[in-house]
*Asks:* 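Have a look at the structure that comes next, please.
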Amino acid sequence: MALRIYNALSRKLERFRSFDREWVSMYVCGPTVYDHAHLGHAKTYVAMDVVARHLRLRGYQVRYVCGFIDIGRIADGEEDRLVSGARRLGITPTELADTYIWSFHDDMDALGVLRPSISARASCHVPRMVTWIEDLIDLGCAYETGDSVYFSVDRFADCGKLSQQVSGMQQANVDLDRGQDKRNPADFVLWRSEDSQTPLRWPSPWGLGAPGSHVACSVMANSYLGRTFDIHGGGLGDRVPHNDCELVQSEAHNSVPSAKYWLLVGDLRVAGQRMSRRLGNHLTIKDALKLYSPEAIRYFLLSRPYRESVDFRRDALQAAQRDVDHLHQTVRHLRRRMQETLPSMGSGTAAFSSLASLPDYREDFCDAMDHDFDTARALGVIFDLVEEVGRTLTADRKASLGTLSTMDKLFRDLAGDVLGILPETVGLSGEGKLVEQLVEALLELRSDHIVARQWSQADAIRSKLDEIGVAIQDGPQDTSWRLKAS
RNA sequence: GGCGACGUAGCCAAGUGGUAAGGCGAGGCUCUGCAAAAGCCUUAUUCGUCGGUUCGAGUCCGACCGUCGCCUCCA
């Protein structure tokens, strides 16, 4: 089946066709880097990560550009957060941005979000933005006033087509103190000169100043992906006015359509409200990782289609943690069984054994993902597989190595490579091998006690291990164990 | 005022016109020295309300009721 994507621009499900047969180019708006990232950011970037991973599964090479905003925002009346944050710490805004870009990368690494091909910083592209703005003036799409350059929306009847809100553009682009000399209320700032001593200003034909909020993304996308590219991603919250402005100015500048497909990720909400740094209702990724495993967080964020909003709730995260633990434990059991099953037990005939239905899982999974990256349904397929594997492990003690490896491969490819909710070594980290051997040694000791019917000694070992964070389960033929989620 | 989303069991929710997935919780069972885990079984005559289209509607259309988000910066 063909990959279909819901295009926020056409508001329709469209068959995906990239400009290039092999390469897919995508741009995703990055955060304004004045603080640590929170779970709301995680929702957007995990979603986009899964998009990129699924495209790779489908055989594409993906060029993924993420643009970080480190040039400050033009907002009168309030000091820029980069500037105020930097002053608080006694460093420059650029240093502050640097700190939080790396913090962002750390968090995303921890969540298993694969690095973008290119991480672009707006501040490195200011000269190019200046050229871009000059082009727009030459084209008659922008005009200078006393201390600003504005984009003129008048010639663009379809301005605001992404949000379908012309009035939204007007309201959103109201300038508070300045900008009375705008020709149209919906016009937006491309450049503003700065008299103040803010460190965030650059030279331009219009004097020292800063580029507008929207021009940075357009220029970064164009710099690395060309005038027109396949996918533009970002949070739904940026649609008005940011994405609308990006779209209209790019098409004005380049005379070609901007991105072919627009993917807008739904909000993460807390008690119904959008999670945001401003409202103070956010949970940083660093703090979330103290409570839940990275896979549980991904699972939670992917448990609804990316376009929809998700409510952050503790019990939902806890349920996600349980589900993911269940998955990991099943895979651990599976891998232990594989180790115990000798190849001589018929790996050659394995594929034809009791589980002829196994290939369906891959197909069902891909069908779900091909339908606008329906991760919710894809997770359902994974958990159907978990059940089937669980049944096989308990019921069919003679499952062949081939069958077991086929199952393991499905888990690796789908839950691991595409969804990123299955780490390479399940439940074991760096010193995993040593831990494993120590636990195995204790279990042997306990097993001796059990054979000798010395229940209290055996139970003492069990409860001590439990205290440390190792849960053990006696099976019909062996004892398995897992590290409990911390 | 403008744009939009959503109302399905105690809770979270999937449902692409063809006779209500799944998960959590709860209850029971199997296994078991006891646990735990796992597996099995049970848990909505019904999808906010009222109309309409249809052989057939949770699904399409209309109206109404209700909840919520966005519209300064924000993923």
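We use all heavy atoms of the structure for the numbers below, so side chains are in, but hydrogens, waters and symmetry mates are not. We name chains A, B, ... by the order of the sequence lines, and we start the count at 1 in each one.
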*Asks:* Confirm from the modelled atom types if A:R462 and B:A35 form a donor-acceptor pair under 3.5 Å, side chain to base only.
*Replies:* yes
*Asks:* Checking all strands, does A:I472 fall into the base, sugar-phosphate, or nothing category for heavy-atom contacts under 4.0 angstrom?
*Replies:* base
*Asks:* Rounding to an integer number of angstrom, what distance separates B:G22 and B:G39 when you compare their P atoms?
*Replies:* 14 Å
*Asks:* Say you pick atom C1' in B:G17 and the same atom in B:C61; how far apart are they, in whole Å?
*Replies:* 13 Å
*Asks:* Is there a donor and acceptor pair closer than 3.5 Å between the side chain of A:R377 and the base of B:U16?
*Replies:* no
*Asks:* Please state the P separation for the pair B:U8 and B:U45 - nearest whole angstrom.
*Replies:* 15 Å
*Asks:* Taking atom types as they are modelled, would you say the side chain of A:R81 forms a donor-acceptor pair with the base of B:C73 within the 3.5 Å cutoff?
*Replies:* yes
*Asks:* Under 4.0 Å: is that the gap between some side-chain N or O of A:R277 and OP1 or OP2 of B:A75?
*Replies:* yes
*Asks:* Quick one: label A:R446 by what it contacts on the DNA or RNA (base, sugar-phosphate, nothing), any heavy atom closer than 4.0 Å.
*Replies:* base
*Asks:* How far does the C1' atom of B:C41 sit from the matching atom of B:C31, given to the nearest Å?
*Replies:* 15 Å
*Asks:* Taking B:A20 as the reference, what is the distance to B:U46 when you measure between their C1' atoms (whole Å, please)?
*Replies:* 7 Å
*Asks:* Under a 3.5 Å threshold, yes or no: a donor from one side chain and an acceptor from the other, between A:H449 and A:Q457?
*Replies:* no
*Asks:* Quantified in whole Å, what is the C1' atom distance between nucleotide B:C50 and nucleotide B:G66?
*Replies:* 15 Å
*Asks:* Closest approach to the side chain of A:R278, judged atom by atom: which nucleotide of B:U72, B:G39, B:A75 is it?
*Replies:* B:U72
*Asks:* Whether the side chain of A:D384 and the base of B:G22 hold a donor-acceptor pair under 3.5 Å is what I'd like checked.
*Replies:* no
*Asks:* The side chain of A:L268 lies closest to which of these nucleotides: B:G33, B:G4, B:A75?
*Replies:* B:A75
*Asks:* Between C1' on B:A35 and NZ on A:K464, what's the gap in Å once rounded to a whole number?
*Replies:* 18 Å
*Asks:* What class does the angle between the rings of A:W262 and A:H232 fall in, given that below 30° is parallel, 30 to 60° is tilted and above 60° is perpendicular?
*Replies:* parallel
*Asks:* Could you check whether A:Q273 gets within reach of a base, just the sugar-phosphate, or nothing at all, counting any heavy atom under 4.0 Å?
*Replies:* sugar-phosphate
*Asks:* Among B:A75, B:C12, B:G39, which nucleotide has an atom closest to any side-chain atom of A:R313?
*Replies:* B:C12
*Asks:* Take A:Y100 and A:H105 through the test ring-ring contact (aromatic ring centres under 6.0 Å, His included) and record every step on the way to the result.
*Replies:* CA-CA 8 Å; A:Y100 288 118; A:H105 282 313; over 10 Å; no
*Asks:* Looking across every strand, which nucleic acid part, if any, lies under 4.0 Å from A:D374 by heavy atom: base, sugar-phosphate, or nothing?
*Replies:* sugar-phosphate
*Asks:* Does a donor on one side chain and an acceptor on the other come within less than 3.5 Å for A:S103 and A:H36?
*Replies:* yes
*Asks:* Please determine, by modelled atom types, if A:N184 and A:D154 share a side-chain donor-acceptor pair under 3.5 angstrom.
*Replies:* yes
*Asks:* Under the salt bridge (charged side-chain N to carboxylate O under 4.0 Å, His left out) test against A:K286, which residue among A:D107, A:D106, A:D35 passes?
*Replies:* A:D107
*Asks:* Mind checking if A:G234 touches a base, just sugar-phosphate, or nothing, with heavy atoms under 4.0 Å?
*Replies:* sugar-phosphate
*Asks:* For B:U43 versus B:A21, give the span between their C1' atoms, rounded off to a whole number of Å.
*Replies:* 15 Å
*Asks:* Between B:C68 and A:R269, is there an OP1 or OP2 to side-chain N/O distance shorter than 4.0 Å?
*Replies:* no
